[in-house]
Amino acid sequence: MLLHSKLRLEHQLLGRCAQLVVNRHASKGSVDKEVMEQMEEGFKKLAESKSKSLLKKHLTKEIFEKLKAKTTPSFNSTLLHCISSGMCNHDSGVGLYAPDPEAYKVFADLFDPVIEEYHKSFKKTDKQPATAFGKGADFENLDPDGHFIVSTRVRCGRAVKGYPFNPCLTEADYLELESKICGAVSSLTGEYKGKYMPLTGMDKCLQEQLIEDHYLFKEGDRFLASAGASRFWPTGRGIFLNSAKNFLVWCNEEDHIRIISMEKGGDLGKVYDRMVGGVEALGKQLQFNRDERLGFLTFCPTNLGTSIRASVHIKLPNLMCDPDEMKKLADKYRLQIRGTSGEHSEAKGGVHDISNQRRMGLTEYEIIKEMHDGIKGLIEAECKARSA
Ligand SMILES: Nc1ncnc2c1ncn2[C@@H]1O[C@H](COP(=O)(O)OP(=O)(O)OP(=O)(O)O)[C@@H](O)[C@H]1O
Ligand SMILES: NC(=[NH2+])NCCC[C@H](N)C(=O)O
């Protein structure tokens, strides 16, 4: 069901703690009493819960005490901004977001261990290598006969320099960002040429169709909403789609920008090269926020570094017969398994979304190679299981 108004969104999705994050900031340089109480209460509940999130694991009493009174210098973000999603959603896998770029430093005692574990040992002394896209043409089609892969998609996220992330953006910021992003995508030429469609005023049938066809982001994600990322929805949000419908740009959803290339079949190299071309063209129009150590800055720590998620929609019926073994195999190749409609969804018709888990510590090219080699390994294992 699509949710239409900001009010309904807030009422249906947000608990008391999230309301607070959505509505309040700390007073300059200090944390309000009410915010502190909310944090203490949420922390206690999380500590008593059975949550398996990285937030619960790494937010020890000691770290909580050390960080609870800190604020970021430019935006006065508090620890509550960072942890509200995981506090409200005990079923989070991670549960942590950075309200603004400075949060990664101010709350590093919490972010660093989460980053290290999610990105398979990116230590606090490690540094994201310089951007190196390489050539997609090096990668063969993963499924030339079309037996397994339905479609391939590669996306990355970008933050525009000079702006915080969702919880700290004002309504005017959303509109300003949209206008900048819209200007940049409108200048694209050749195969990238297309049309920007704002979410505000979009026909609901069109919106639902775009979501069903896997082009557009869903509405009402409770993990994002309780992180304060759905404020002023749908203002400033939208999608750019090229005429061939294989290159897309998302505006102001989880990140300021998501740059996406997708098509039917398993030609990973071609899909990757198209995304890289789009990123380079947009990089001429907009200044992206990149940190020396963390790489491209994103709202969620799972997307730092290259910010690349390369996925296939794939059918592996024999391997999927044993989900535990399949999970072990995916872990071996550092792959993540999602459902057919993306994160936190179920698989339909035996189609799973399998992608690289980590995005940091390797160059863009190496991240794609890791995903490529993993998917190749899974297809080989599926063929073996079939003939056994
Ligand atoms: N290989 C693919 N082929 C077609 N659609 C895909 C593919 N991979 C992902 N999608 C679709 O992209 C949409 C967004 O998915 P999802 O939100 O899980 O990932 P994302 O956009 O990479 O962002 P995030 O990781 O932040 O959630 C969903 O509709 C999903 O089904
Ligand atoms: N879209 C993302 N950033 N996904 C990763 C984490 C999503 C959610 N916060 C969780 O912890 O489960």
Side-chain angles (χ1 to χ4, degrees), residues 18 46 51-59 82-98 114-115 117-119 142-143 148-158 165-166 207-229 239 245-246 248-250 253-268 271-272 275 298-315 335-349 351-359 371 375:
L46 181 65
S51 174
K52 293 192 175 74
S53 69
L54 295 183
L55 173 69
K56 184 187 169 193
K57 181 170 172 187
H58 295 287
L59 188 64
C82 306
I83 67 176
S84 66
S85 186
M87 263 174 30
C88 298
N89 301 287
H90 288 178
D91 57 343
S92 295
V94 183
L96 185 62
Y97 291 91
V114 168
I115 288 170
E117 183 161 347
Y118 182 86
H119 295 281
L142 280 162
D143 182 24
F148 309 97
I149 297 180
V150 180
S151 53
T152 303
R153 175 181 188 265
V154 185
R155 63 86 162 151
C156 69
R158 290 289 183 270
F165 303 138
N166 274 310
Q207 185 179 354
E208 277 178 54
Q209 194 60 54
L210 288 171
I211 294 171
E212 203 180 309
D213 294 344
H214 306 286
Y215 294 126
L216 182 61
F217 45 83
K218 283 177 280 188
E219 209 169 22
D221 179 313
R222 67 188 157 91
F223 299 87
L224 286 178
S226 53
I239 178 177
K245 292 192 171 171
N246 56 21
L248 292 78
V249 178
W250 288 356
E253 189 241 11
E254 178 172 327
D255 288 307
H256 299 163
I257 310 179
R258 286 288 177 90
I259 302 166
I260 303 158
S261 166
M262 60 194 280
E263 67 181 39
K264 297 275 177 222
D267 197 342
L268 175 67
V271 174
Y272 174 60
M275 184 205 74
T298 50
F299 181 38
C300 180
T302 63
N303 286 318
L304 292 164
T306 62
S307 76
I308 287 182
R309 189 171 88 86
S311 61
V312 282
H313 268 184
I314 190 167
K315 290 185 188 179
L335 295 172
Q336 185 188 56
I337 308 173
R338 296 183 178 186
T340 324
S341 302
E343 198 171 30
H344 309 118
S345 76
E346 296 300 317
K348 283 184 228 137
V351 177
H352 288 82
D353 166 336
I354 305 190
S355 62
N356 56 299
Q357 156 121 23
R358 62 171 168 172
R359 327 206 191 288
M371 179 270 191
I375 300 294

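Counting convention: from 1, in listed order, for ligands and their atoms alike. Remember, it's a predicted structure, so these values are computed and weren't measured experimentally.
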Check: [X] N/O within less than 3.5 Å of ligand 2 N/O:
X: Arg338; result: no
X: Val94; result: yes
X: Asp91; result: no
X: Glu254; result: yes
X: Gly95; result: yes

Any idea which protein heavy atom is nearest [atom], and the distance to it?
atom: atom 21 (O) of ligand 1; answer: Arg153 NH2, 2.9 Å
atom: atom 4 (C) of ligand 1; answer: Ser151 OG, 3.2 Å
atom: atom 19 (O) of ligand 1; answer: Arg309 NH2, 3.0 Å
atom: atom 6 (C) of ligand 2; answer: Glu343 OE2, 3.7 Å
atom: atom 28 (C) of ligand 1; answer: Ser341 O, 3.8 Å

Once you measure the plane-to-plane angle for Phe223 and His344, does it fall in the parallel (<30°), tilted (30-60°) or perpendicular (>60°) bin?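 Because their plane-to-plane angle is under 30°, the rings of Phe223 and His344 count as parallel.
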
Determine whether Met371 and Ile354 make a side-chain contact, defined as any pair of heavy atoms from C-beta on separated by less than 4.5 Å.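 A side-chain contact under 4.5 Å is absent here.
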
Options [options], ranked by nearest heavy atom to [atom], top entry:
atom: atom 2 (C) of ligand 1; options: Lys348, His352, His313, Arg155; value: His313
atom: atom 26 (O) of ligand 1; options: Arg258, Lys264, Gln336, Glu343; value: Arg258
atom: atom 30 (C) of ligand 1; options: Glu212, Glu263, His214; value: His214

Could you say whether the N/O atoms of Arg359 and ligand 1 ever approach to under 3.5 Å?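 Between Arg359 and ligand 1, no N or O pair is found under 3.5 Å apart.
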
Contact check: Trp250 vs ligand 1, nitrogen or oxygen atoms, below 3.5 angstrom: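 No, there is no polar N/O contact under 3.5 Å.
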
Looking at [Y] and [X], is there a salt bridge between them, counting it only when a charged N and a carboxylate O are closer than 4.0 Å?
X: Asp143; Y: Lys315; value: no
X: Arg153; Y: Glu263; value: no
X: Asp255; Y: Arg155; value: no

Using a 4.0 Å cutoff against the non-hydrogen atoms of [X], which atoms of ligand 1 qualify?
X: Arg338; value: 16 (P), 18 (O), 19 (O), 24 (P), 25 (O), 27 (O)
X: Val312; value: 1 (N)
X: Glu254; value: 26 (O)
X: Ser311; value: 1 (N), 2 (C), 7 (C), 8 (N), 9 (C)

State, without any angle test, whether Arg309 and Asn356 hold a side-chain donor-acceptor pair at a distance under 3.5 Å.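 The criterion, which ignores hydrogens and geometry beyond distance, is not satisfied for Asn356 and Arg309.
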
Does ligand 2 have an atom under 4.0 Å from some heavy atom of Tyr97?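 Checking ligand 2 against Tyr97, which is what was asked, there is a heavy-atom contact under 4.0 Å.
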
Just by distance, do the side chain of Ser51 and the backbone of Asp91 share a donor-acceptor pair under 3.5 Å?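 Not confirmed, Ser51 side chain does not pair with Asp91 backbone.
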
